[in-house]
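Notes to accompany the following structure.
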Amino acid sequence: MKSTNSRRVFAKGMLGGLGLASIGTPEMEAQETRKDAPVGPKAKIKITKLETFLVKPRWMFLKIHTDAGIYGLGEPILEGRALTCQEAVKEIEPYLVGKDPRAVVHHWQAIYRHAFYRGGPILTSALSGIDQALWDIKGKALGVPVV
């Protein structure tokens, strides 16, 4: 009978023996659970729109929609500046629409570093909510949890 062990199984077994079974590389986790992922790793997926929800007295939530039916949630808020953060998200929306949401770090760099003026608390709050939502989409697309 042929052995089904691989480096991944071996590494997980070694970590388990040390009481560290929950530790593994993201690639190991994704490969184990990717079989039932709603979107394949090479499938095309695009952001279609960003939607904000103001919740009184002082919260705002963001929902980023994709053409694959997957959405991500984030909280782009700065205490007492919900409307201002909402406008910041609207200003960033044209950059994101039509792009692949799985390139999270690339989008973060493009939004934050490629602007002439780097933002203060408003931009970074809006960017934080966008970042959360993009990671949420990436996790859902791969069929893995994002912690």
Side-chain angles (χ1 to χ4, degrees), residues 6-9 11-16 18-147:
S6 66
R7 288 181 290 170
R8 181 173 55 247
V9 173
K12 195 149 186 118
M14 293 300 293
L15 291 170
L18 296 172
L20 304 171
S22 63
I23 297 176
T25 65
E27 293 80 19
M28 288 170 56
E29 298 288 330
Q31 287 176 357
E32 290 177 9
T33 57
R34 199 176 286 185
K35 295 172 189 162
D36 62 345
V39 178
K42 300 213 185 229
K44 296 202 185 260
I45 180 173
K46 292 183 180 182
I47 296 171
T48 56
K49 72 175 181 174
L50 280 68
E51 186 177 12
T52 55
F53 302 94
L54 290 170
V55 180
K56 292 189 180 208
R58 60 183 161 264
W59 294 291
M60 184 176 65
F61 298 98
L62 169 67
K63 186 175 187 180
I64 297 181
H65 299 266
T66 66
D67 61 352
I70 298 171
Y71 63 88
L73 299 173
E75 188 179 8
I77 189 68
L78 181 64
E79 184 71 30
R81 298 286 181 231
L83 294 174
T84 309
C85 287
Q86 184 179 38
E87 286 302 315
V89 170
K90 285 181 184 175
E91 285 188 18
I92 296 169
E93 183 176 18
Y95 163 76
L96 287 171
V97 171
K99 301 238 175 25
D100 188 333
R102 296 170 292 188
V104 181
V105 176
H106 171 79
H107 296 316
W108 190 96
Q109 293 288 340
I111 294 166
Y112 185 75
R113 298 204 186 277
H114 295 159
F116 185 76
Y117 293 106
R118 295 198 181 144
I122 298 296
L123 178 62
T124 53
S125 295
L127 185 52
S128 174
I130 290 168
D131 193 50
Q132 293 165 9
L134 291 176
W135 280 114
D136 191 24
I137 291 170
K138 187 166 187 170
K140 289 175 181 176
L142 293 172
V144 297
V146 177
V147 179

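Electrostatic pairing of Lys49 and Glu93 does not count as a salt bridge here, judged by no charged N lying under 4.0 Å from a carboxylate O.
Looking only at distances, a side-chain donor or acceptor of Asp67 sits under 3.5 Å from a matching main-chain atom of Lys46. Looking only at distances, no side-chain donor or acceptor of Ser128 sits under 3.5 Å from a matching main-chain atom of Thr124.
The line from CH2 of Trp135 to NZ of Lys140 is 15.0 Å long, rounded to the nearest 0.5 Å. Separation of atoms CG (Leu73) and CD (Glu75) is listed at 10.5 Å; rounding is to 0.5 Å. For the atom pair CZ (Arg102) and NZ (Lys44), the distance works out to 9.5 Å, reported to the nearest 0.5 Å. Rounded to the nearest 0.5 Å, atoms OG1 (Thr52) and CD (Glu87) are 8.5 Å apart. The CG atom of Leu134 lies 11.5 Å from the NE2 atom of His106; values are rounded to the nearest 0.5 Å. Annotation: the span from Ile130 atom CD1 to Ile64 atom CD1 amounts to 6.0 Å, rounded to 0.5 Å.
Ring planes of His65 and Tyr71: tilted class, angle from 30 to 60°.
Between Cys85 and Ala126, the shortest heavy-atom contact is O-CB, 4.3 Å.
Residues Met60 and Pro76 are in side-chain contact: their nearest non-hydrogen atoms beyond the backbone lie under 4.5 Å apart. The closest side-chain heavy-atom distance from Ile111 to Asp131 is not below 4.5 Å. Side-chain contact check for Ile137 versus Thr66: some heavy-atom pair is nearer than 4.5 Å.
When each of Ile77, Val89, Asp136 is tested with Leu62 by the rule side-chain contact (heavy atoms from CB on, under 4.5 Å), just one qualifies, namely Val89.
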Check the pair Leu54, Leu83 against side-chain contact (heavy atoms from CB on, under 4.5 Å), reporting the backbone distance first and the verdict last. CA-CA 8 Å; Leu54 290 170; Leu83 294 174; 3.4 Å; yes
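Seen from the ring of Tyr95, Lys99 counts as a face-on cation partner, given the 6.0 Å and 45° thresholds.
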